[in-house]
Structures are given as structure tokens and as C-alpha cells.
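Right, one structure below, let's go through it.
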Amino acid sequence: AQSGITEANPGVLTSTAHGLVTNDQLTYHKVGSTALGIASSSVADGSTYYVKYVSADTFQLTSAPDGTGLQVTDDGNDTQTFSRGIGKVT
């Protein structure tokens, strides 16, 4: 389960043993009233991002395959989820 989103440039998402690899495609799902913020803009539900692998427990979001990690300006209260073709990463 996701345990945190670090507001930083680039932002780091933590999910124990996430199983993601670089360039996995993720779909964002807003949870609650506060959306994830990327570069000072709220992310729309259903937006697509890609994974930049950092470690077995952490990853960054990119806007394109092999992209640079994106700045996270609002963690959305750490309750946001992402899905991929073979399951949901929360």
C-alpha cells in the first residue's frame, strides 16, 4: 500500500514492494477533495503518467516514457491512487 508522497522536485512516491519498472504506464485516481499537484497544477482524475523507478519501495512520475521526474507540489493528503493494466497500486 502507498505510504506517502513527498512534495519535492522531483516528487517521490512510496509504496512498499511496488513491483513497478521504469516506463510502466499509470492512470491517476483522485481520492478525497484534494488532488495531487504537479508543478503547481491539480492533476485531473484519469490522467496518465509513467514510472521512473527509484527503488523497490519508491518511484517518481514522469509525463512521458524515459522522462524526467516531475515536481510534486501537493501530495493530495497522501491518499491518491494509481492503476496500471495488471492491477491497482495504492
Side-chain angles (χ1 to χ4, degrees):
Q2 175 195 304
S3 60
I5 302 172
T6 303
E7 295 175 5
N9 190 9
V12 176
L13 290 79
T14 302
S15 181
T16 303
H18 56 66
L20 300 169
V21 297
T22 292
N23 295 331
D24 274 354
Q25 186 174 335
L26 301 178
T27 301
Y28 169 70
H29 303 283
K30 180 183 172 191
V31 177
S33 61
T34 304
L36 181 69
I38 299 289
S40 299
S41 297
S42 292
V43 175
D45 191 54
S47 296
T48 299
Y49 289 95
Y50 298 86
V51 170
K52 181 175 182 179
Y53 180 89
V54 177
S55 74
D57 298 329
T58 59
F59 62 97
Q60 297 170 356
L61 298 175
T62 68
S63 57
D66 296 318
T68 301
L70 297 172
Q71 178 182 15
V72 174
T73 55
D74 191 327
D75 64 11
N77 299 320
D78 285 334
T79 59
Q80 309 309 300
T81 64
F82 297 86
S83 62
R84 60 180 174 163
I86 58 170
K88 192 166 191 175
V89 177
T90 59

Interatomic distance, Ser83 atom OG to Leu26 atom CG [nearest 0.5 angstrom]: 7.5 Å
Residues that Asp66 engages under side-chain hydrogen bond (donor to acceptor under 3.5 Å, both in side chains), provided they are two or more places apart: Asn23
Linked, directly or transitively: Leu20 and Leu13 (ILVMFWY side chains, under 4.5 Å): yes
Interatomic spacing from CD1 in Ile38 to OG1 in Thr73 - rounded to 0.5 Å: 7.0 Å
Whether Glu7 side chain and Asp75 backbone form a donor-acceptor pair below 3.5 Å: yes
Parallel, tilted or perpendicular: rings of Phe82 and Phe59 (30°, 60°): perpendicular
Co-membership, hydrophobic cluster, residues Val12 and Tyr49, 4.5 Å side-chain: no
Within one Ile-Leu-Val-Met-Phe-Trp-Tyr cluster: Tyr50 and Val72, side-chain cutoff 4.5 Å: no
From Thr27 atom OG1 to Asp45 atom CG, the distance as rounded to the nearest 0.5 Å: 9.5 Å
Residue from Thr34, Val43, Ile5 passing side-chain contact (heavy atoms from CB on, under 4.5 Å) with Gln80: Ile5
Side chain to side chain donor-acceptor pair (under 3.5 Å) contacts touching residues 52-63 (sequence neighbours left out): Ser55-Thr58
